[in-house]
2 protein chains.
Amino acid sequence: MRLTSFTDYGLRMLMLMASAPERAYSTAELADAFGLSRNHLAKIMQSLSRGGLIETRRGGGGGAVLARPASEIRLGAVVQHLEQGQALVECFAGDGGNCTIHAQCRLKARLRSAETAFLSDLDRSTLADIALEPIAQTE
Amino acid sequence: MRLTSFTDYGLRMLMLMASAPERAYSTAELADAFGLSRNHLAKIMQSLSRGGLIETRRGGGGGAVLARPASEIRLGAVVQHLEQGQALVECFAGDGGNCTIHAQCRLKARLRSAETAFLSDLDRSTLADIALEPIAQTE
DNA sequence: CGCTAATAGGTGCTGTAAATGCGAATTGAA
DNA sequence: TTCAATTCGCATTTACAGCACCTATTAGCG
């Protein structure tokens, strides 16, 4: 059972943004804070932006800001958005996969139920609950 | 959010074995039923065997049989065993990964909780609940 | 007020690493 | 001697990370 690194990194970015919701974080700053590639994070940022979770501004002084208060952004929703297109098992994919059971499969429903349980449990928390302390700007 | 195909196939194998617990299924038969590679399934079968979920017998008339009644094998336990070694996120891995947050990360606990919720939900069902009808041997 | 330069998000491509799937050869039981 | 699990090792696929470049916006200067 695995989440993509895409999701992992996206969560870290949001955690940091939630720490100081009033200011804009640039991808360069986030990449620096986490020791990751700037361009890579830019892709994730774009996904978050399209998902309506953050708002971005170009140009000097630009960057990304949470679109809503951190306390209104539920973790399950975030994960669900970032994991878009990731099928839990083959037969959950768009084309249904090549499973030969299919018709009489009673497992599918149980997996969906479990998936929902996973997301619901995450939805009990919001970004405000996991916000980081602002990174030390001592230098 | 994804389970490995390893787990997916393992579940399918168990579903079929649960349909006729008295007989032994060979990897060849299972591979044929699902249209998958025999050698590949053999690896999964071995894992199931080491996990104590099935018992195997070599030689003529051999194959695999459930180690316990289907109604006593919980799905969460099966998934947990087959997904062994799959870290939900980087920092769940053995070496802890390269996450820079780490110390003050409050996300980790929520993810663990959600993971448990996922498995607990699956544990509400047993193999008996998802057993397949025996495959039609009409041809 | 307009031009310019610097900032910062957005996108496509490519190399690399790891997971996956498969085949062949081996070992053990009947 | 045949059947079938077991083990080893290779090929393929996929996801990941990084690089280079493009576009848009802002700030500052003339």
Side-chain angles (χ1 to χ4, degrees), chain A residues 1-10 12-13 17 23-51 53-65 67 82-87 89-90 93 95 97-99, chain B residues 1-10 12-13 17 23-51 53-65 67 82-90 93-95 97-99:
Chain A
M1 184 171 174
R2 258 176 54 205
L3 300 180
T4 62
S5 67
F6 198 82
T7 301
D8 191 0
Y9 297 163
R12 294 186 204 175
M13 292 165 75
M17 288 191 236
R23 56 178 289 243
Y25 284 91
S26 72
T27 53
E29 183 176 3
L30 293 169
D32 202 52
F34 298 131
L36 299 169
S37 152
R38 189 187 78 76
N39 296 283
H40 203 221
L41 294 194
K43 285 177 196 167
I44 300 170
M45 188 175 271
Q46 189 216 349
S47 169
L48 290 171
S49 170
R50 290 197 186 169
L53 294 166
I54 62 174
E55 283 172 5
T56 59
R57 246 184 68 191
R58 296 188 171 196
V65 180
L82 288 168
E83 287 285 309
Q84 225 168 28
Q86 292 294 326
V89 288
E90 181 186 355
D95 61 355
N98 291 335
C99 184
Chain B
M1 185 171 170
R2 258 176 55 206
L3 300 180
T4 62
S5 67
F6 198 83
T7 301
D8 192 1
Y9 297 163
R12 295 186 203 175
M13 292 165 75
M17 287 190 237
R23 58 179 288 245
Y25 284 91
S26 73
T27 53
E29 181 175 6
L30 293 168
D32 203 51
F34 299 131
L36 299 169
S37 154
R38 189 184 77 76
N39 295 286
H40 198 220
L41 294 194
K43 277 185 198 167
I44 301 171
M45 187 174 271
Q46 189 215 351
S47 169
L48 290 171
S49 170
R50 291 199 185 167
L53 294 165
I54 62 174
E55 282 172 6
T56 59
R57 248 184 64 193
R58 296 187 170 194
V65 181
L82 288 169
E83 287 285 308
Q84 223 167 30
Q86 291 294 326
L88 185 64
V89 286
E90 181 187 355
D95 61 355
N98 290 334
C99 184

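Note on naming: letters A, B, ... go to the chains in the order of the sequence lines (proteins, then strands), and numbering restarts at 1 for each one.
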Please state how far atom [atom1] in [X] lies from atom [atom2] in [N], giving the value in whole angstrom units.
X: A:Glu90; N: C:dG21; atom1: CD; atom2: C1'; result: 12 Å
X: A:Gln46; N: C:dG10; atom1: CD; atom2: P; result: 6 Å
X: B:Met13; N: D:dA4; atom1: CE; atom2: P; result: 15 Å
X: A:Met45; N: D:dA24; atom1: CE; atom2: P; result: 19 Å
X: A:Arg58; N: D:dA27; atom1: CZ; atom2: C1'; result: 17 Å
X: A:His40; N: C:dT16; atom1: NE2; atom2: C1'; result: 13 Å
X: B:Gln86; N: D:dA15; atom1: CD; atom2: P; result: 14 Å
X: A:Leu36; N: D:dC19; atom1: CG; atom2: P; result: 13 Å

Comparing B:Arg50 and A:Arg38 on DNA chain D - which has the more 5′ nearest nucleotide: B:Arg50
First of B:Ala64 and A:Leu3 reached from the 5' end of DNA chain D, by closest nucleotide: B:Ala64
Taking 4.0 Å as the cut-off, does a side-chain nitrogen or oxygen of [X] come that near to OP1 or OP2 on [N]?
X: A:Ser37; N: D:dC19; value: no
X: A:Thr56; N: C:dG10; value: yes
X: B:Thr27; N: D:dA5; value: yes
X: A:Arg2; N: D:dT14; value: no
X: A:Tyr9; N: D:dA17; value: yes

Side-chain heavy atoms of A:Met13 within contact of A:Tyr25, under 4.5 Å: no
Where A:Ser47 and A:Leu82 come nearest, the two heavy atoms and their spacing: OG-CD2, 4.1 Å
Minimum heavy-atom distance between B:Ile54 and B:Ala64, given as atom pair plus value: CD1-CB, 3.9 Å
Whichever of A:Ala42 and B:Phe6 has its nearest DNA chain C nucleotide further upstream toward 5': A:Ala42
Side chain to side chain contact (heavy atoms under 4.5 Å, CB included) between A:Val65 and A:Arg57, worked out: CA-CA 9 Å; A:Val65 180; A:Arg57 246 184 68 191; over 6 Å; no
Touch class at under 4.0 angstrom, heavy-atom based, for A:Arg57 against every strand present: sugar-phosphate
N/O donor-acceptor pair, side chain A:Asn39 with base D:dG18, under 3.5 angstrom: no
Heavy-atom donor-acceptor pair, B:Lys43 side-chain to D:dG9 base, under 3.5 Å: yes
Audit row: A:Gln86, A:Thr7, side chain to side chain contact (heavy atoms under 4.5 Å, CB included) steps and yes/no: CA-CA 11 Å; A:Gln86 292 294 326; A:Thr7 301; over 6 Å; no
